[in-house]
Number of protein chains: 2
Amino acid sequence: MKKLAQTRESDDIFELSSFTPYLLNQAAEAQSDVFSRNYRERYGMLRTEWRVLFHLGRHGDMSAKEISESASIHKTKVSRAVRALEEKRFLSRITSPDDRRSERLSLRPPGQEAFRHLSRAAQDYEAALEQRLGKRDARKLRELLKRLDGT
Amino acid sequence: MKKLAQTRESDDIFELSSFTPYLLNQAAEAQSDVFSRNYRERYGMLRTEWRVLFHLGRHGDMSAKEISESASIHKTKVSRAVRALEEKRFLSRITSPDDRRSERLSLRPPGQEAFRHLSRAAQDYEAALEQRLGKRDARKLRELLKRLDGT
DNA sequence: TGTTGTTAGTTACTTTTGTAACTAACAAGA
DNA sequence: TCTTGTTAGTTACAAAAGTAACTAACAACA
C-alpha cells in the first residue's frame with residue numbers, strides 16, 4: 001500500500017541524529033576538543049585567548065573593541081583574554097594617544113612566536129581534515145557552515 | 001610567472017573563515033541560540049535538560065547511565081538535568097528493584113507534553129533549515145557533520 | 001564651562017560547566 | 001562473611017561564561 005500524504009514528513013521517527021543543531025554541536029565540540037590541545041597544553045591558553053592572539057597576529061595591532069567586533073566575541077570575554085595574554089607576556093598595551101579610553105594591543109615576541117606556531121598547527125589541522133573528508137567535501141562543508149552562521 | 005611549489009598551501013593567507021573548527025563553532029552557536037528559545041523561554045530549560053527530556057520521550061524509560069551513554073553527556077550533567085526536570089515535575093524516578101543504585105526515569109504527563117511540543121518544534125526547525133539550504137545541501141551537511149563527530 | 005549622551009574597557013555578581021572525590025550498592029572470589 | 005574492585009549517581013569545589021552595572025574619557029552643543 002502506498003504511503004499517504006502526511007502533514008509533516010516522518011512524523012513518527014525523529015532522532016537527534018537528524019537534528020542539525022545537535023549534529024553541529026557534537027561536531028563542533030569534537031573538533032574543538034582535538035584542536036584545543038594545541039593551545040591548552042603548551043601555552044595554557046583558553047579558546048578566547050587563542051582567538052584574540054590569532055586576530056592580533058593576523059591583523060596587526062588592534063584595540064579590544066576592534067577584536068570584539070571582527071571576531072564576534074563579547075567585550076568582557078575579550079577583556080579577560082587580553083588580561084590573560086598580558087600576564088603570559090604575550091602582548092602589551094599602550095593607551096591610545098588620540099583616545100585615552102582605548103588601548104593599542106600588540107603582540108610581543110613570545111606572543112608572535114606562539115601565533116606562528118599555532119597558526120601553523122591550525123593549517124596542518126585543516127589540511128588533515130581536508131585529507132579525511134576529501135578536498136571537495138571539505139570545501140562544501142565550509143561553504144555550508146558559512147551560510148548558517150548568520151542565522 | 002607560474003606559482004612555485006610550496007611546502008604548505010597558501011602559507012601566506014590563513015583566515016579564521018577557512019578554519020573549519022571555527023566555522024563549526026560559529027554555526028553551532030548561531031543555530032543553538034535560535035532553537036534554544038523554544039525550551040528556554042517557555043519551560044526555563046537548559047540545553048542538557050532538553051536533551052535528557054528528548055531521550056526519555058524518544059526511547060521511553062531509561063536510567064541516567066543509559067542516557068549518559070546514548071547521548072554522550074557526562075554523568076554529572078545528566079544528574080543535574082534530571083534533578084532540574086524532577087523539580088519541574090517533568091519526570092519521576094523509581095529506584096530500580098534489581099539494582100538499587102540505579103533509577104528508572106519516566107516522563108510524567110507534563111513532561112510528555114513538553115516533549116511532544118519541543119519535538120514538533122525541532123521538526124519544524126529542521127524543515128525550515130532544509131528550506132533554506134535546499135534538501136540536497138541539508139542532507140549533505142548532516143552527513144558531513146556525522147563524519148566529523150567521531151573525531 | 002556645564003550638561004547630556006555615548007563609548008572603551010573593567011569589575012562584580014550570578015549561572016553554568018568541569019573535575020574529583022565521595023556514598024551506597026553490587027559482584028566475585030577467598 | 002570478609003575482602004577487593006567496580007559501578008550509579010551525587011556533591012563539593014574550582015574554572016569559565018553571561019549579564020549588568022560601573023568608571024573614565026570623549027563629543028557635541030547650549
Side-chain angles (χ1 to χ4, degrees), chain A residues 25-26 28-30 32-34 36-37 39-41 43-53 55-56 61-88 91-106, chain B residues 25-26 28-30 32-34 36-37 39-41 43-53 55-56 61-88 91-106:
Chain A
N25 198 68
Q26 294 291 104
E29 264 182 26
S32 168
D33 280 358
V34 175
S36 69
R37 302 174 64 83
Y39 49 80
R40 215 168 15 84
E41 291 180 0
Y43 302 106
M45 283 169 61
L46 261 29
R47 199 174 43 176
T48 311
E49 292 167 49
W50 140 245
R51 283 206 204 167
V52 166
L53 181 85
H55 274 262
L56 283 172
D61 299 3
M62 298 173 87
S63 70
K65 178 78 193 313
E66 286 165 336
I67 294 173
S68 169
E69 278 171 358
S70 132
S72 318
I73 304 176
H74 193 276
K75 60 178 182 171
T76 55
K77 274 177 105 175
V78 173
S79 170
R80 294 192 260 241
V82 165
R83 183 171 54 202
L85 291 170
E86 191 188 22
E87 278 163 6
K88 290 183 180 72
L91 63 75
S92 59
R93 1 183 169 200
I94 304 164
T95 304
S96 166
D98 38 298
D99 183 345
R100 288 182 357 267
R101 287 172 304 179
S102 139
E103 295 173 317
R104 220 71 223 141
L105 307 170
S106 7
Chain B
N25 199 68
Q26 294 292 104
E29 263 182 24
S32 168
D33 279 358
V34 175
S36 70
R37 302 174 62 85
Y39 49 79
R40 218 169 12 85
E41 290 180 358
Y43 301 105
M45 282 169 63
L46 260 30
R47 198 175 43 178
T48 311
E49 293 169 48
W50 138 246
R51 283 207 203 167
V52 166
L53 181 86
H55 274 262
L56 284 172
D61 299 4
M62 298 173 86
S63 70
K65 178 78 194 310
E66 287 165 337
I67 295 173
S68 168
E69 278 170 358
S70 133
S72 319
I73 305 176
H74 194 274
K75 60 179 182 171
T76 56
K77 274 176 106 175
V78 173
S79 171
R80 293 190 260 242
V82 166
R83 182 170 55 203
L85 290 171
E86 192 187 22
E87 278 163 6
K88 290 183 179 73
L91 63 76
S92 58
R93 4 183 168 200
I94 303 164
T95 304
S96 167
D98 38 297
D99 184 344
R100 288 181 359 265
R101 286 172 304 179
S102 138
E103 294 173 319
R104 221 70 221 141
L105 307 170
S106 6

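For clarity, every value in this text was computed on a predicted model and none was experimentally measured. Chain naming here is simple, since letters A, B, ... match the order of the sequence lines and numbering starts at 1 in each.
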So, does [X] get its side chain near the phosphate of [N], meaning an N or O under 4.0 Å from OP1 or OP2?
X	N	value
Arg100(A)	dC26(D)	yes
Ser79(A)	dT10(C)	yes
Arg83(A)	dT11(C)	yes

For DNA chain D, determine which residues of residues 64-77 of chain B have any heavy atom closer than 4.0 angstrom to one of its atoms, and list them numerically.
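Residues of residues 64-77 of chain B under 4.0 Å from DNA chain D: Ala64(B), Lys65(B), Lys75(B), Thr76(B).
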Ion pair Arg104(A)/Glu66(A), N-O distance below 4.0 Å:
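Answer for the salt bridge query: yes.
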Rounded distance [0.5 Å steps], [atom1] in [X] versus [atom2] in [Y]:
X	Y	atom1	atom2	answer
Glu49(A)	Leu91(A)	CD	CG	10.0 Å
Ser79(B)	His74(B)	OG	NE2	11.0 Å
Arg51(B)	Asn25(A)	CZ	CG	5.0 Å
Glu69(A)	Ser63(A)	CD	OG	8.0 Å
Ser92(A)	Asp61(A)	OG	CG	8.0 Å

Starting from [atom2] on [N], measure out to [atom1] on [X] and report it in whole angstrom.
X	N	atom1	atom2	result
Arg40(A)	dG18(C)	CZ	P	12 Å
Met62(A)	dA8(C)	CE	P	13 Å
Glu103(B)	dC26(C)	CD	C1'	16 Å

Do Arg80(B) and Thr48(B) touch side chain to side chain, with heavy atoms closer than 4.5 Å?
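Of all side-chain heavy-atom pairs linking Thr48(B) with Arg80(B), none is under 4.5 Å.
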If you check every side-chain atom of Thr48(A), which of dT10(C), dA17(D), dG9(D) has the closest atom?
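Among dT10(C), dA17(D), dG9(D), the one nearest the side chain of Thr48(A) is dA17(D).
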Report yes or no: does Ser36(B) contribute a side-chain atom to a donor-acceptor pair with the main-chain N or O of Asp33(B) at less than 3.5 Å?
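Pair found, side chain donor or acceptor close to backbone of Asp33(B).
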Ser68(B) side-chain N/O to Ala64(B) backbone N/O, donor-acceptor pair under 3.5 Å
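No: the side chain of Ser68(B) does not pair with the backbone of Ala64(B).
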For Lys88(A) versus Met45(A), what's the shortest heavy-atom pair and its separation?
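For Lys88(A) and Met45(A), the tightest heavy-atom pair comes out as CE-CG, 4.0 Å.
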If you take all heavy atoms of Leu56(A) and Leu105(A), which pair is closest and at what distance?
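In terms of heavy atoms, the two residues are closest at CD2-O, 3.5 Å.
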Indicate, with a heavy-atom threshold strictly under 4.0 Å, whether Arg80(B) touches base, sugar-phosphate, or nothing.
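The answer is base, as Arg80(B) lies within the cut-off (heavy atoms under 4.0 Å) of a base atom.
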Anything under 3.5 Å between a protein N or O and an N or O of nucleotides 2-6 of chain D, put it in a table, one pair a line.
none

Let me spell it out: for each of Arg104(A) and Glu29(A), pick the nucleotide of DNA chain C with the closest heavy atom. Which residue's pick is nearer the 5' end?
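Result: Arg104(A).
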Under 4.0 Å, heavy atom to any atom of DNA chain C: which of residues 91-99 of chain A qualify?
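Contacts with DNA chain C under 4.0 Å: Arg93(A).
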Considering heavy-atom distances to DNA chain D, does Ser63(B) or Leu46(A) have its closest nucleotide positioned more toward the 5' end?
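With Ser63(B) and Leu46(A) compared, the 5'-side residue is Ser63(B).
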